[in-house]
Amino acid sequence: MHIVLEMLNTFEFQTLLKIILGTLLTGLIGLERSSLNKPAGFGTHALLGVSAVLVVVCSQYMTLNYDIDMSRIPAQLLSGIGFIGAGTIMRNGYNVKGVTTAAGLLAVTCIGLTIGAGFYVGGVIATIIVYLVLAYAHNISDNFERYSVISLEIVIEKQEAEAINDINEYFTQKKIELKRLHRTEEDDKEGTKETIEITGCYDARYLKKSKIIEELFAIDNVLEVTEL
């Protein structure tokens, strides 16, 4: 029994445990992002988590063998993670996407640092909280949000003025304030289509984004409705 305890407490075994646990916890959060088709999924989150664990373990190893300050390397990691987070943020007109994913990447990095430091309870609790926030925060905010912006790409059949009129009438009836409207024509093998890019502001208390897309798609001669 004593030999087993000694083996479990070795630096090598603890490193293996930290890497596995860090991968599982941060990968779990990545799976939630993947389920919503976000730009950073399981692989990105798991790799960041493992990297963060390795940074702390490497710092611990260097402290044990070279007597250096182990806090310096993790501090540099937190500074550098901003570049990866910025890469997931995209702006399209009035919409800014990827901010939550960028914050999630920072969270999994901190979880990895926590696991690497051996604070397992803190890492597990943080993982549960972060997962719940990412999974359910959108539903909670929808209940309190008043005005929201929607950007859509609507493809209609060419020379279907009636479809355009129906779309304009729909926006008027639903009191969706148009902020931007851009029309382009494109040729394909089957004929000519017209694409309309629309950005509008609507009252989220009475309208849901999914309902707007569903009702626009039901209009005659509307071929596609895609959220930008």
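Everything quoted here is computed from the prediction, not taken from an experiment.
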(request) Could you check Leu216 against Ile212 for side chain to side chain contact (heavy atoms under 4.5 Å, CB included), going step by step and ending with a plain yes or no? (result) CA-CA 6 Å; Leu216 284 172; Ile212 295 174; 3.9 Å; yes
(request) Specify the closest pair of heavy atoms between Ile176 and Tyr202, including all atoms of both residues, with the distance to one decimal. (result) CG1-CB, 3.9 Å
(request) Find out if a path of hydrophobic residues (ILVMFWY) with successive side-chain heavy-atom gaps under 4.5 Å connects Leu113 to Leu47. (result) no
(request) Treat each ILVMFWY residue as a node, draw an edge where side-chain heavy atoms are under 4.5 Å apart, and state whether Leu178 and Val225 are in one component. (result) yes
(request) Please confirm whether the backbone N or O of Ile115 pairs with a side-chain atom of Lys18, one donor and one acceptor, at under 3.5 Å? (result) no
(message) Check for me, please, whether Ile111 and Leu28 land in the same ILVMFWY cluster - side-chain distances under 4.5 Å, paths through other members count.
(response) no
(request) Say whether Ile219 and Phe171 are linked into one hydrophobic cluster, either directly or through other cluster members, by side-chain heavy-atom distances under 4.5 angstrom. (result) yes
(request) Might you point out which heavy atoms bring Ser151 and Thr199 nearest each other, and give the distance in Å? (result) OG-OG1, 3.1 Å
(message) Check for me, please, whether Ile128 and Leu106 land in the same ILVMFWY cluster - side-chain distances under 4.5 Å, paths through other members count.
(response) yes
(message) The criterion is side chain to side chain donor-acceptor pair (under 3.5 Å); which residues satisfy it with Glu177, sequence neighbours excluded?
(response) Lys179
(message) Nearest 0.5 Å, please: how far is CG in Leu31 from CG in Leu24?
(response) 10.0 Å
(message) As an exercise, state the distance from CG of Leu105 to SG of Cys110, rounded to the nearest 0.5 Å.
(response) 11.0 Å
(request) Provide the closest heavy-atom pair for Thr23 versus Val50 in the form atom of the first, atom of the second, distance. (result) OG1-CG2, 2.9 Å
(message) Rounded to the nearest 0.5 Å, what separates atom CG in Leu25 from atom CD1 in Ile125?
(response) 11.5 Å
(message) Would Thr127 and Val130 count as a side chain to side chain contact (heavy atoms under 4.5 Å, CB included) here? Give the steps.
(response) CA-CA 5 Å; Thr127 299; Val130 170; 6.0 Å; no
(request) Specify the closest pair of heavy atoms between Tyr131 and Ile29, including all atoms of both residues, with the distance to one decimal. (result) CD1-CA, 4.3 Å
(request) Please name the pair of heavy atoms, one in Ile167 and one in Ile196, separated by the smallest distance, quoted to 0.1 Å. (result) CD1-CD1, 4.4 Å
(message) Minimum heavy-atom separation for Leu223 and Phe217, please, with both atom names.
(response) O-CE1, 3.2 Å
(request) Calculate, to the nearest 0.5 Å, the distance between atoms NZ and CG belonging to Lys193 and Asn221 respectively. (result) 13.5 Å
(message) Under the criterion side chain to side chain contact (heavy atoms under 4.5 Å, CB included), I'd like the reasoning laid out for Glu169 against Asn165: C-alpha separation, chi angles, the key distance, then a yes or no.
(response) CA-CA 6 Å; Glu169 184 179 347; Asn165 292 334; 6.0 Å; no
(message) If I take atom CD1 from residue Ile154 and atom CD from residue Glu197, how far apart are they, to the nearest 0.5 angstrom?
(response) 10.5 Å
(message) Can you confirm whether more than 12 heavy atoms, excluding those of Tyr120, are under 6.0 Å from its OH atom?
(response) yes
(request) Starting at OG1 of Thr26, measure out to NE2 of His45 and round the result to the nearest 0.5 Å. (result) 8.5 Å
